[in-house]
Structure formats: structure tokens, C-alpha cells
**Q** 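Dropping a structure here in C-alpha cells format, bear with me for questions.
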Amino acid sequence: MVRLYGLLFLAEVVLGICALISCLSAEEGEIRALPRIAWVLIILFFPLVGSIAWFVAGREAGAGRARTAWPMGNGFSERDRGRPRAAPDDDPAFLSSIGEVPRQQDQELFRRWEDDLRRREEELRRRETEQDRPEV
């Protein structure tokens with residue numbers, strides 16, 4: 001008799017764990033009657049009744065059966081099938097684009113430094129000419 005109770009207790013725990021996992025992994029559209037948190041609390045506080053209630057009334061009929069873990073086909077959309085599947089470092093366009101961005105940033109920085117240097121030189125020349133002029 002003790003073995004029977006132990007087996008029933010183990011079955012109740014397994015059913016509760018399965019119901020909890022099913023409830024937590026169900027999509028929002030697959031949950032009926034109550035919000036997800038209410039179902040989780042019912043399953044936790046009333047394991048046997050809550051688990052049975054979840055499988056009978058809580059989830060959509062056939063939920064999980066029609067859903068597959070992997071998409072059908074090879075996993076590529078129609079527009080992606082024609083694209084090369086090699087690593088990015090094998091693509092010459094990708095490799096050339098890597099060098100362009102820093103090169104453009106360096107050129108912009110160099111242009112700003114040159115502008116700043118010209119401005120400072122002009123300011124220095126203006127000061128020198130002002131100091132060299134005699135006061136009137």
C-alpha cells in the first residue's frame with residue numbers, strides 16, 4: 001500500500017511539473033479562462049486538481065500539437081536562399097566595407113584638424129600684424 005501511495009505521489013509531482021512547464025511555455029493566445037499567473041498559482045497550490053484543470057480548461061484544444069520545434073524546409077526564407085552561405089570574411093564587399101568606415105572617419109578627423117590649424121595660424125598672423133603695427 002505504501003508503494004502505491006508513493007507511486008501516486010510521484011505521478012502527481014510529474015503531472016504538476018508537466019502542467020507548470022506547459023503553462024509557462026504556452027503562447028499568450030493559447031491560454032484560456034484565466035491569466036497565466038493565476039494558472040501558475042493554481043497549479044502550485046493545488047497540484048493534482050490544478051494540473052488537471054490546466055490541461056482540461058486552461059489551454060487551447062490542440063495547442064502544442066500543431067506547433068513544430070523547427071520551421072519546415074531548410075530554415076531559409078525564399079529571398080535568402082540565393083545568398084551565399086559562406087562566412088562574412090569570405091565576402092569581398094564586406095571586407096571592403098570594413099575599411100571604408102574608419103577611413104572615412106579618419107579623413108573627416110584629419111579635415112577638422114587642418115581647418116583648426118588654418119584657423120589658429122590665421123589668428124596668430126592677425127595677432128602678429130596687430131603687434132607690429134605702430135600705434136596711431
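Side chains included, hydrogens not; waters and symmetry mates left out as well; all remaining heavy atoms used.
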**Q** Looking only at heavy atoms, what is the nearest atom pair of R36 and E27, with distance?
**A** NH2-C, 4.2 Å

**Q** Tell me whether E122 is salt-bridged to R126, with the criterion being a basic N under 4.0 Å from an acidic carboxylate O.
**A**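 No, this pair does not count.
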
**Q** Show which residues join V13 in its hydrophobic cluster (side-chain heavy-atom contacts under 4.5 Å, direct or indirect), or state none.
**A**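 Joined to V13, directly or through intermediates: F9, I17, I21.
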
**Q** Out of curiosity, E114 CD to L117 CG, how far, rounded to the nearest 0.5 Å?
**A**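 Separation between the atoms: 8.0 Å.
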
**Q** Is any side-chain heavy atom of R111 less than 4.5 Å from a side-chain heavy atom of Q107?
**A**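 Side-chain contact under 4.5 Å: no.
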
**Q** In Å, rounded to the nearest 0.5 Å, how long is the span from CG of L124 to OG1 of T129?
**A** 10.0 Å

**Q** Can you give me the closest heavy-atom contact between A26 and I31, atom names plus distance?
**A** CB-CG1, 4.1 Å

**Q** Give the minimum heavy-atom separation between C23 and I43, together with the two atoms involved.
**A**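 Minimum heavy-atom contact is CB-CD1, 4.0 Å.
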
**Q** Kindly determine whether D116 and R120 satisfy salt bridge (Lys or Arg N to Asp or Glu O under 4.0 Å), including the steps that lead there.
**A** CA-CA 6 Å; D116 187 46; R120 289 181 182 194; 3.3 Å; yes

**Q** Quick one: CD on Q104 to CD on E108, what's the gap to the nearest 0.5 Å?
**A** 10.0 Å

**Q** Pairs of donor and acceptor atoms involving the side chains of residues 49-58, under 3.5 Å and at least two apart or interchain, shall be tabulated with distances.
**A**
unit_1 : atom_1 : unit_2 : atom_2 : d
S51    : OG     : P47    : O      : 2.5
W54    : NE1    : S22    : OG     : 3.1

**Q** Treating Ile, Leu, Val, Met, Phe, Trp and Tyr as nodes and any side-chain heavy-atom pair under 4.5 angstrom as an edge, say whether V14 and L20 lie in one connected cluster.
**A**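 No; L20 is not reachable from V14 via cluster members.
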
**Q** Does one hydrophobic cluster hold both Y5 and L48, with members joined at side-chain heavy-atom distances below 4.5 Å?
**A** no

**Q** Are R118 and D115 ion-paired here, with the side-chain N under 4.0 Å from a carboxylate O?
**A** yes

